[in-house]
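Structure record follows, encoded as structure tokens.
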2 protein chains.
Amino acid sequence: MRPNHSKVDGVEEDWDKFEDFETYDHFTRDWLAAARRILKPEGSLWVIGSYHNIFRVGATLQNLGFWILNDIIWRKTNPMPNFRGTRFANAHETMIWASRDKDARYRFNYDAMKALNDDLQMRSDWLLPICSGGERLRDEDGRKTHPTQKPESLLYRVLLSSSRPGDTVLDPFFGTGTTGAVAKRLGRNWIGLERDDTYVKAAQARIDAVEEAPDPSVLDTPPKRSAPRIPFGWVVERGLLRPGTSLFDQRRLNRALVRADGTLIGSNARGDHRGSIHQVGAAMAGLPACNGWTFWHYEDGDDLRPIDVLRERIRSEASA
Amino acid sequence: MRPNHSKVDGVEEDWDKFEDFETYDHFTRDWLAAARRILKPEGSLWVIGSYHNIFRVGATLQNLGFWILNDIIWRKTNPMPNFRGTRFANAHETMIWASRDKDARYRFNYDAMKALNDDLQMRSDWLLPICSGGERLRDEDGRKTHPTQKPESLLYRVLLSSSRPGDTVLDPFFGTGTTGAVAKRLGRNWIGLERDDTYVKAAQARIDAVEEAPDPSVLDTPPKRSAPRIPFGWVVERGLLRPGTSLFDQRRLNRALVRADGTLIGSNARGDHRGSIHQVGAAMAGLPACNGWTFWHYEDGDDLRPIDVLRERIRSEASA
DNA sequence: CGACATTGTGAATCCGCAG
DNA sequence: CCTGCGGATTCACAATGTC
């Protein structure tokens, strides 16, 4: 009961009840093993829970060979308070993101996540409101269709981070189809499993009403590293730097000459250095490795500019 | 390696390594069972971990009969980034708070937690900086004494929430004694178990010095950013004002003492006054309301400084 | 001495293609 | 499946250095 003696409409469904830990662990192990069997190598698994169950789920995941990539905290802007003053307000839920195994090459749209976060790397804590208002599905009498409907914003971030348009997303506990609605919106294919007919009907109507993006290309947010690779030699070939030009590190401590084939010649106290732009930078700086594109600069008047801007000029043409 | 090719000084200690899940599960079960055997009925257990281990710990807790009360998310203001752009930045750790069993009448200082949070119920996600600066223990060569030293502010909130002065706190993985230092500061008794002699020596010296801790530098005023709410209790929790400190109005007509939960005790001709910083200021000034942040001042040598400068220090971190 | 710029660092299961 | 190697990758804060 709330302090004003109104009743809290909590979760009272049969699907949320289990005999004991052992029964729940068996159930969890079964569905996770089945999911793992069909998970594509580049796919990954997301599961959400609260402190009541998420620790058992996480341990079972690990026992099955899944490799945990992150645990993600959904911080609720508007959680239900603790009415009795007996604990901390339970203001979050925990998601686990895992790949099939340790060496799986899972998808992660790093740059899309960074862009979504004002060009700062996305963190493991996500602040999002619970599902309410017009988004919350209700029957004719105003009763909520599903007791734990998730906000679409949560699934948006999940799907955008770890899948690409045309991928297929499976949600084995589909409920009222939040996963399907967002998948359709983002141009992902989806499969939903649900045994409650009321939920299925609500999900179908809801997803039918979702409009797909008119231009599918806006949904594709590939990682930058799949952008066309621009070898340094192209910069010379295209005349953006001439053979014989001097390159410097940012503080003018190292200097090297550009050769016609895009290799460099540098010399300093450590000796002479010839080779690729990366090799010479690393050798002259005394480092095991070096990204020449960020290390070397060219003179523009009295200023030094990173050579990377030259690569971007070629890349913008290449992708056009 | 970081992008600039410097090396990350990660955790490489033997005590952090286990053969396999089974070995770790046995270890976990053993110490948790031992802790549960001696846990007082009104006591509770706190354990912290990351996604690598916390799910196994939580499941083991439940299997042993512990009753989980909350999982608490320590959100770091300044986590280490993900340098390779392969995952979400791992910006939090998870704590589990549990009583001995389902029906235990555990301690919970609900009002202290609420007071610490500016009269809003404390949530399950806590935003606190990692341990750095002067608080971080280092050897003569500047190397950190312990790879995973926790911030005192984190333990402050833990101990203040679920124990009382005179209670005894046991930390079976004492490290450099953050638990002991905060326990001493808060008038709790403590027992620390630690097998590494270097850690023990550092902890002993640290705790011996707790009372003589010099007043933290309060003079810098970092830039004002968009204004997240900073409850007054956080200033106490973070050690910027110690419990027992006297506060004054600008003309020293009123005086009040700071309590451990951020509430004040004041007394004047109108009588005794206890409550939040706002309530006590209003009562003592004979006003209907009062902004404690502008009303109260603290002594810095012979000068009085408004306590608001302390809030600004925390705000600059919280806006992250 | 203050303002501003540069450098260092923190619990991290942290690459991927070609040969 | 293994090896070699090109080249892509960081946020907040404290400490130190410079003007």
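Convention: sequence-line order gives letters A, B, ...; per-chain numbering from 1. Values in this document were obtained by computation on a predicted structure and should not be read as measured data.
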Counting the atoms with a prime plus P, OP1 and OP2 as sugar-phosphate, which does B:Lys144 contact under 4.0 Å by heavy atoms, base, sugar-phosphate, or nothing? sugar-phosphate
Under 4.0 Å, counting only non-hydrogen atoms across every strand here, what does A:Lys114 touch: a base, just sugar-phosphate, or nothing? sugar-phosphate
Are B:Phe173 and B:Trp31 close enough that their ring centers fall under 6.0 Å? yes
Is it true that, when you exclude B:Asp302 itself, more than 12 heavy atoms of the residues, nucleotides or ligands shown sit nearer than 6.0 Å to its CG? no
How far does the P atom of C:dA12 sit from the matching atom of D:dC5, given to the nearest Å? 30 Å
Across the strands shown, which category fits B:Glu93 at heavy-atom distances under 4.0 angstrom: base, sugar-phosphate, nothing? base
Sugar-phosphate only, base, or nothing, as touched by A:Trp67 at under 4.0 Å among non-hydrogen atoms: base
Looking at the base of C:dG10, is there any donor atom on it, or on the side chain of B:Arg2, that sits under 3.5 Å from an acceptor on the other one? yes
Let me know, please, whether A:Ile277 or B:Asn78 comes out on the 5' side of the other along DNA chain D by nearest nucleotide. A:Ile277
What contact category does B:Asn90 fall into here, base, sugar-phosphate, or nothing, at under 4.0 angstrom with non-hydrogen atoms? sugar-phosphate
B:Pro81 side-chain proximity, nearest of D:dG6, D:dA14, D:dC11: D:dC11
What distance, rounded to whole Å, do you find between the two P atoms, one in D:dT9 and one in C:dA11? 25 Å
Could you check whether any side-chain heavy atom of B:Trp190 comes within less than 4.5 Å of a side-chain heavy atom of B:Asp171, counting everything from C-beta outward? no
Please work out if A:Ile68 contacts a base, only the sugar-phosphate, or nothing of the nucleic acid, heavy-atom cut-off 4.0 Å. base
For C:dG10 and D:dA8, measure between their C1' atoms and round to the nearest Å. 22 Å
Residue pair B:His92 / A:Asp71, side-chain heavy-atom distance below 4.5 Å: yes
Could you let me know what C:dA12 is paired to, Watson-Crick or G-U wobble, both distances under 3.5 Å, or none if it's on its own? none
A:Tyr110 side chain near D:dA8 phosphate (N/O to OP1/OP2, under 4.0 Å): no
Taking any strand in view, what nucleotide pairs with C:dA18 in a Watson-Crick or G-U wobble way, both distances under 3.5 Å? D:dT3
Could you check whether atom CZ of A:Arg36 has more than 12 heavy atoms from other residues, nucleotides or ligands sitting under 6.0 Å from it? yes
Check: B:Phe88 ring centre within less than 6.0 Å of A:Trp97 ring centre: yes
Between D:dT10, C:dC14, C:dA11, which nucleotide gets closest to the side-chain atoms of A:Gln121? D:dT10
Considering every strand and a 4.0 Å limit on heavy-atom distances, what is the contact class for B:Arg143: base, sugar-phosphate, or nothing? nothing
Minimum-distance nucleotide (side-chain atoms of B:Arg84 versus D:dG7, C:dC17, D:dT10): D:dG7
Give B:Asp9 one of three labels, base, sugar-phosphate or nothing, depending on what nucleic acid heavy atoms sit under 4.0 Å from its own. sugar-phosphate
So what does B:Ser50 hit on the nucleic acid, given a heavy-atom distance under 4.0 Å: a base, only sugar-phosphate, or nothing? nothing
With a 4.0 Å limit, can you tell me whether A:Arg311 has a side-chain N or O closer than that to the phosphate oxygens OP1/OP2 of D:dA8? yes
